[in-house]
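What's counted below: heavy atoms across the whole structure, side chains too, no hydrogens, waters or symmetry copies. Index from 1, following the sequence. From a predicted model like this one, the values you see are computed outputs, not experimental measurements.
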Amino acid sequence: MKGILLASTTAILWGILAIALKIALNYFDSYTIVWFRFLVATTVLATYYAIKKPSMLSVYKKPPLLMVVGAILLAGNYIGYMQGINYAGPGATQIIIQTGPVMLGIIGFTVFKERLTISRALGFAIATVGFFVFYYNQSNVVVIQKFELFKGVLWTLGAAASWAGYAFVNKKLVLKYHPQQINLIIFGLPILLFLPTVDFHSFTQTYEWWVWLLMLALGLNTVVAYGTLSAAFKYTEANKISIVIIMNPIITFVILEVLLLLNISWFPINKVSMMAYVGALLVLGGTMLAIGLSQKKKINAHDA
C-alpha cells in the first residue's frame, strides 16, 4: 500500500504539472521556465548532498560522457514537453507524450533483445490507432488552431523520443552510478545549455506572490515526483507502479473538465470530443500492454 501511495503522489504531481506549466506560460516563456525548473532542482539536490554526503558532488569534477548525453536528451525532453503544452495544450500533450514509453519498448526489443510478446505487439498497435483517433478528432474540434496543434504534437513527439533516449542511457548509468548522482549532472548541465535562451528581464517584472510560488513549485515538482517514484520501487513491484503512473493524463483531463465546468479561464481550454477521449483511452491501454506490465523488473519514468 505504501508503494502505491508513493506512486500515486508521483502521478498526481505529473497530472497537475501540465496545468501548472500552462499557467506559468502567461508570465514566462518556455525556455525560461525550463531553465528555472532545472535550476531549482539542481540547487535542492546539490545543497542536500553538500550537507549530507559531499562525496556525491565529486561527479562534477569529470562527468562521464554518457551522463552528458543523458543531460542533453533530458533537456530536449523538457523543452519539447514545454513547447507541446504551449502550442497543443495540456490535454493533448499528456496523451502524445505517452509515445515515450512505447518508443522505449521498441528500444527494449531491438537493442536489449527483449522478447516481443503478442500482448506487447498488440499494445503497440492499439496505442498507434489511439494516437490517430485522438489527433484526428481533436484537430477537427479545434480547426482554427489546427496548425498550433500540429506544432505542439511535433514538439511533444520530439520530447517523447528524447525521453526514450534518456531512459535508455539512464538504464546503463544506474548499473554503475547512484541515481541521485546521475541527477546532479542531468539536472545541472541543462542550466548551462539553456542559459543563452533565458529571458532574465522577465524576472524583474512585478508579479503577484503566487506567480513566484508557482515557479518554485514547478522546480520542486521534478525533485519530489522523481523522489517519490524512486521510493515507490522499494515497496512494491514495478508493474503495479507503472499502472498507477501511466494514469496521470486522466488527472490532467479531470482538472481541465472541472475548469471548463466552473468557467475558469486561466488559459484557453479546448473542449475534447467524445471520440478523442476514446482515442486517449486506447493510447493509455495500448501503452500499458506495449511497455510490458507483466514483467516484474521494468523501470518506469516520465517526461517532465
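Heavy atoms only, all atoms of each residue included: Y207 and S202 are closest at CE1-O, 3.3 Å. Between L282 and I126, the closest heavy-atom pair is O-CG2, 3.3 Å. When all heavy atoms of I95 and P249 are compared, the pair lying nearest together is CD1-CB, 4.2 Å. Nearest heavy atom pair, residue A88 against residue V153, reads CB-N, 4.4 Å. Considering all non-hydrogen atoms of both residues, G165 and L73 come closest at C-CD1, 3.4 Å. Shortest non-hydrogen contact noted between V59 and P64 is CG2-CD, 4.3 Å.
T204 places no side-chain N or O within 3.5 Å of a backbone atom of F200 that could act as its donor or acceptor partner. N221 places a side-chain N or O within donor-acceptor distance of the main-chain N or O of L13, the cut-off being under 3.5 Å. Judged purely by atom type and a 3.5 angstrom limit, T47 has no side-chain atom pairing as donor or acceptor with the backbone of V44.
Shown here is F132, whose CZ atom has no more than 12 heavy atoms of other residues, nucleotides or ligands within 6.0 Å. Within a 6.0 Å sphere centred on CD of E208, heavy atoms belonging to other residues, nucleotides or ligands number 12 at most.
Both M82 and F203 are members of a single hydrophobic cluster when ILVMFWY side chains are connected at heavy-atom separations under 4.5 Å.
With values rounded to the nearest 0.5 angstrom, L193 atom CG is found 11.5 Å from I79 atom CD1. Atom CG of residue L45 and atom CZ of residue F187 lie 6.5 Å apart, to the nearest 0.5 angstrom. In this structure, N86 CG and W155 CH2 are separated by 9.5 Å, a value rounded to the nearest 0.5 Å. With values rounded to the nearest 0.5 angstrom, F194 atom CZ is found 13.0 Å from L39 atom CG. Separation of atoms CE (M67) and CD1 (I72) is listed at 14.0 Å; rounding is to 0.5 Å. Atom-to-atom distance recorded for I186:CD1 and F38:CZ is 8.0 Å, nearest 0.5 angstrom.
Within the 4.5 Å cutoff, the side chain of W163 has no heavy atoms near those of the F168 side chain. Between Q94 and I251, the closest side-chain pair of non-hydrogen atoms is not below 4.5 Å. Proximity of I12 to N248: side-chain heavy atoms (C-beta onward) are nowhere separated by under 4.5 Å.
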Test side-chain hydrogen bond (donor to acceptor under 3.5 Å, both in side chains) on Y87 and T156 and set out the steps. CA-CA 10 Å; Y87 291 116; T156 308; over 6 Å; no

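Using modelled atom types and a 3.5 Å distance limit, the side chains of S162 and Y78 yield no donor-acceptor pair.
For the side-chain contact (heavy atoms from CB on, under 4.5 Å) with T252, the qualifying choice from I16, L17, I19 is I19, the only one to do so.
Evaluation of the side-chain hydrogen bond (donor to acceptor under 3.5 Å, both in side chains) test over residues 25-35, restricted to residues two or more places apart or in two chains, returns D29-T32, S30-Q83.
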